[in-house]
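Here is the structure we will look at, set down as structure tokens.
Each ligand, and each atom within it, is numbered from 1 in the order the structure gives.
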Amino acid sequence: MTAYTDLQTEIEGEIAAAADLAALDVVRVSALGKTGRISGLLKTLGSLPPEERKTTGAAINAVRDAISASLEARKDVLEAAHLAERLARERIDLSLPSAPRPKGGVHPTLQVMDEMIAIFADMGFEVAEGPDIEDDFHNFTALNFPEKHPAREMHDTFFFNPDENGVRKLLRTHTSPVQIRSMISGKPPFRLIVPGRVFRCDSDQTHTPMFHQIEGLVIDKTAHMGHLKWVLETFISRFFETDSVTTQFRPHHFPFTEPSAEMDVRCSWEKGELKVGTGDSWLEILGCGMVHPNVLRACGVDPDEYQGFAWGMGVDRLTMLKYGVPDLRDMFAADTRWLGHYGFSGFAAPNSASGLS
Ligand code: DAH
């Protein structure tokens, strides 16, 4: 039996020397695996005379059992050591300060854009977009601005240098050109809103060269001023979260609408805080009107068959009013302290189910 004892000692030595669980497994396979050393011994039994087979078989099995037990024991030791090592390595120091709040946040203007989109989407409006760099046709001509008309100057347009064909591109001065793009590329009826950046060469306490607008357009066979009033009052009611909305429409002039109006909302200012719905003040919110037949014609829409209304409003100013931001210029200063105070969590995306603000 010395052959078995020697083999057992050899394997036990290997087990004791296995430094980790992977090494121990290699030993296990080489001893007890299908083609392992002990299994090899068991296979020789068949060639032995029957009387020897019994004792030899018992002896080999005893060696196998002893090695299995040693493997188990070593495994327990190595697992305990592994756990102890992990516990030591992964120790948590509870006296450390907690992880700092991530810097940055969603800019209030973008948050308000999302609020507005959620409200109008609920009413069945789709979102349309267009380029920041526009041409004269979409920004002015198709919107019924007469050639050389002072209304073009009114917009303090940023023009690019003329290209090789002498054509001057410009930064869009309003979101209205997307009305044109949408009507030319689509088919009536239309019910869309256009959130976006616009640019004017103007900078003082209440103006910045870049600001945000949201445009609205409804074209079908019957849309009229009454619908316009309902859409805008419903919007204001949801945006400012109040049931009592009173509006007034003052006659105005825009080349692309006829008649045109500016809409004011009844409000009060108490200790500098805006309250929409009650009071003796009026807040100018937007420009609007019935789309001019010339605009429809420029887009290939027959004004004898279709009609509709449009509006455009400044998003930054409504953001300041809703969230009490005192200075317009801070909105564009990219100051992370300001954003930390006025910004919104990226997880607070407005939607009509869980609330808008
Ligand atoms: N585009 C106008 C502006 O920037 C705002 C506006 C007024 C848009 C009336 C409209 C509208 O669609 O009907 O001053």
Side-chain angles (χ1 to χ4, degrees), residues 113 116 120 125-132 134 136-146 149-158 170-184 190-202 206-220 223-233 235-236 247-265 283-296 298-299 301 303 306-318 328:
M113 288 255 209
M116 293 176 165
F120 284 117
F125 284 79
E126 64 177 300
V127 173
E129 288 183 301
D132 288 354
E134 264 300 359
D136 186 83
F137 174 77
H138 292 92
N139 199 81
F140 293 124
T141 306
L143 285 162
N144 197 36
F145 284 78
H149 191 275
R152 291 178 187 237
E153 308 305 316
M154 193 173 90
H155 275 205
D156 300 310
T157 313
F158 284 111
L170 51 88
L171 289 175
R172 68 176 177 193
T173 59
H174 49 178
T175 41
S176 306
V178 186
Q179 288 189 26
I180 305 301
R181 290 185 176 276
S182 303
M183 285 195 279
I184 287 179
F190 299 100
R191 191 187 290 165
L192 47 94
I193 51 165
V194 185
R197 274 187 297 239
V198 301
F199 307 84
R200 291 187 199 175
C201 189
D202 201 355
T206 53
H207 296 90
T208 50
M210 188 279 286
F211 57 104
H212 299 83
Q213 286 187 335
I214 196 160
E215 185 93 6
L217 176 71
V218 173
I219 301 289
D220 60 27
H224 55 68
M225 282 294 268
H227 297 146
L228 167 69
K229 187 164 182 279
W230 181 86
V231 166
L232 294 176
E233 285 180 353
F235 165 74
I236 293 296
T247 53
Q248 71 180 11
F249 288 75
R250 279 177 293 100
H252 199 76
H253 171 76
F254 299 106
F256 33 89
T257 42
E258 181 58 39
S260 304
E262 279 189 332
M263 187 183 94
D264 303 336
V265 177
L283 190 64
E284 186 212 312
I285 302 267
L286 52 83
C288 59
M290 296 302 293
V291 176
H292 198 290
N294 286 350
V295 174
L296 296 175
C299 302
V301 176
Y306 289 100
Q307 60 187 38
F309 54 86
W311 74 88
M313 58 192 157
V315 178
D316 309 282
R317 205 169 75 89
L318 283 172
L328 175 73

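- Near ligand 1, heavy-atom contacts under 4.0 Å come from H174, S176, Q179, R200, Q213, E215, F254, F256, T257, G287, C288, G289, A310, W311, G312.
- Partners of H207 by ring-ring contact (aromatic ring centres under 6.0 Å, His included), not counting sequence neighbours: none found.
- To the nearest 0.5 Å, the span separating OG1 on T208 from CG on D202 amounts to 8.5 Å.
- Around atom CZ of R181, more than 12 heavy atoms belonging to other residues, nucleotides or ligands sit under 6.0 Å away.
- Taking the six-membered ring for Trp and the full ring otherwise, F256 and H174 have centroids separated by under 6.0 Å.
- Applying the ring-ring contact (aromatic ring centres under 6.0 Å, His included) rule to F190 yields no partners; only residues at least two apart in sequence or on another chain are considered.
- Among residues two or more places apart in sequence or in another chain, the ring-ring contact (aromatic ring centres under 6.0 Å, His included) test is passed with F249 by none.
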